[in-house]
Amino acid sequence: MSRRLSAQRGQNIPEDACCEEHREPPRLFCEDDQALLCGRCFRPEEHENHVVNGVREAADRYRKLFQGILNTLKEKLEVAKSILADEQERMVMIQGEEQDFKEMIESEYRIRFRLMVEEEMNVQSQQGCIFNPSMREDNQNQLMEFATELKEKSQETLRRLNDLGKENMNKLKESEVRLSEQICSLQRITAELEKKCGEYTLALLQNARYSVERSESLLLQCLEPAQITDLSLCQVTGMSGMLKVLQRAVTLDPNTAHPCLVLSEDRRSICLRNVQQDVPDGPGRFIFEATVLGVESFTSGRHYWEVDVEKATRWLLGISEDSGSGHSDLPTAARDKVLLIGSMMGTNYTFWVFPPLKRVSLRGEQMHKVGIFLDCKYGQLSFYDVTDRSLIYNFSSLTFRGAVRPIFSLCIPTGGTNSDSLSICCPHVASCDVTVSPQASSA
């Protein structure tokens with residue numbers, strides 16, 4: 001029998017094996033040489049400074065070592081399977097996200113085109129171009145140039161989105177292949193170690209170090225999901241100048257304000273306090289969320305308002321259908337709201353939208369103002385980062401069953417203090433195209 005077990009990887013050593021030279025059973029195991037030795041084969045000068053143990057002691061030590069490695073391998077195998085399932089799910093999700101972003105981009109550019117046409121018509125009317133064929137033709141040509149430029153910008157944004165979507169999908173597919181290979185390796189080594197743990201003393205010691213090294217090498221391999229790029233990086237930049245013309249002087253309705261919210265005298269700001277105020281109860285007052293509605297309700301037309309969120313770490317903005325009865329924040333009323341939720345962690349902003357609730361963007365800079373544009377005719381609601389003049393998210397094809405009102409909300413703290421506040425910005429120009437119904441309100 002060969003002393004060095006590494007030379008016999010293709011063979012199994014029988015438990016009753018004997019030394020071929022001395023015909024004696026092996027009694028010792030040299031850890032350094034990975035060799036089985038009978039009593040007469042052992043020469044101290046050949047194994048000076050080596051770790052030499054009895055075969056049963058060595059086998060017990062390796063069996064415990066194999067069992068520990070085996071448990072870790074099984075844990076890693078489950079993690080790998082979980083990551084693979086997540087990667088396959090992300091493949092489906094990013095296809096849906098890409099389609100959502102595509103529709104959002106197309107919807108936003110349609111909004112901009114309609115606003116651009118109206119803006120140009122207003123300019124023509126002010127300049128008297130309607131009665132001047134030459135000037136009217138010049139303005140129509142200019143409008144066509146603007147429309148072409150807008151279309152090119154839209155196509156360029158969609159191309160970037162498509163390229164980014166392909167890049168993300170390729171990364172996920174590569175990750176899927178890599179994880180599948182790691183899972184196969186883990187399953188194979190796990191099966192080998194399980195078999196090894198069940199073997200007798202001599203067979204277990206055969207190639208013991210090799211089995212440990214192979215297992216440890218596999219354990220050192222990293223299990224990481226693919227790092228894909230957020231599709232929200234394909235930002236639609238710029239904002240129509242008509243939005244400022246459509247800006248409304250929205251005010252807050254104190255009859256709907258949660259008792260933790262303190263309204264300013266001009267009813268344009270809210271501040272969150274930990275102690276509830278003594279306010280009269282009413283069917284329209286929010287009792288579960290630190291929320292308040294705007295006085296104005298919109299039934300038709302287009303409307304834009306801006307909110308200063310610089311002093312808030314977590315806020316909610318959007319529109320709510322005016323039910324006219326019942327507490328506004330009962331669970332069933334959630335279906336009647338369209339919302340953007342902003343949450344600041346350090347210097348990063350995360351945005352969520354509803355419905356359905358989903359994360360849509362992550363930005364690495366502080367936001368100061370959010371713009372909200374509502375087009376009742378086309379069922380569109382857009383949220384803008386006024387600070388860097390870019391689109392955050394756009395809802396299209398919304399259906400309103402009646403009047404809608406602006407909604408504003410802050411996050412009630414679970415502990416400690418919170419002095420978050422929001423402020424509605426005043427319009428800088430006179431509004432037009434207004435179809436607004438003020439709600440009855442009292443101080």
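Note that the coordinates shown come from a computational prediction; the quantities given were computed from them, not determined experimentally.
Taking 4.0 Å as the cut-off between side-chain N and carboxylate O, K358 and D100 count as a salt-bridged pair. Here E106 pairs with K102 in a salt bridge; the nearest charged N to carboxylate O distance falls below 4.0 Å. Using a cut-off of 4.0 Å between Lys/Arg side-chain N and Asp/Glu carboxylate O, R159 and E156 are scored as salt-bridged. Under 4.0 Å is where a charged nitrogen must lie from a carboxylate oxygen, and between D230 and R359 at least one such pair does. The pair E296-R405 does not meet the salt-bridge criterion, since no charged nitrogen lies less than 4.0 angstrom from a carboxylate oxygen. A salt bridge between D60 and R63 is present, with a side-chain N of the basic residue lying under 4.0 Å from a carboxylate O of the acidic one. Under the 4.0 Å criterion applied to side-chain N and carboxylate O atoms, K153 and E149 are assigned as salt-bridge partners.
A donor-acceptor pair is defined here as one N or O able to donate and one able to accept, closer than 3.5 Å; such a pair exists between the side chain of R248 and the backbone of L246.
There is a side-chain donor-acceptor pair under 3.5 Å between N394 and S107. E192 and S211 are not linked by any side-chain donor-acceptor pair at a separation below 3.5 angstrom, with hydrogens and angles left out of the test. Defined by atom type and a distance below 3.5 Å, a donor-acceptor pair is missing between the side-chain atoms of Q221 and R178. No donor-acceptor contact under 3.5 angstrom links the side chains of E103 and S396, judged on distance only. A donor-acceptor contact closer than 3.5 angstrom is absent between the side chains of Y62 and Q67. The closest side-chain donor-acceptor pair between S297 and D322, if any, does not fall under 3.5 angstrom. Looking only at atom types and distance, the side chain of E87 has a donor-acceptor partner in the side chain of S175 under 3.5 Å away.
Across W305, F373, F400, Y304, a single residue satisfies ring-ring contact (aromatic ring centres under 6.0 Å, His included) together with F298, and that is W305.
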Exercise for the section: Begin from the C-alpha positions of E108 and R112 and carry the test salt bridge (charged side-chain N to carboxylate O under 4.0 Å, His left out) through to its verdict. Expected result: CA-CA 6 Å; E108 178 62 20; R112 295 191 181 189; 3.0 Å; yes
Exercise for the section: Take V295 and L252 through the side-chain contact (heavy atoms from CB on, under 4.5 Å) test and state the conclusion after the steps. Expected result: CA-CA 5 Å; V295 171; L252 302 169; 5.8 Å; no
Problem - Worked check of salt bridge (charged side-chain N to carboxylate O under 4.0 Å, His left out) between R90 and E176 - result: CA-CA 11 Å; R90 284 209 292 172; E176 181 185 33; over 6 Å; no
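Taking the six-membered ring where tryptophan is involved, the planes of F351 and W315 are tilted, since the angle between them lies from 30° to 60°.
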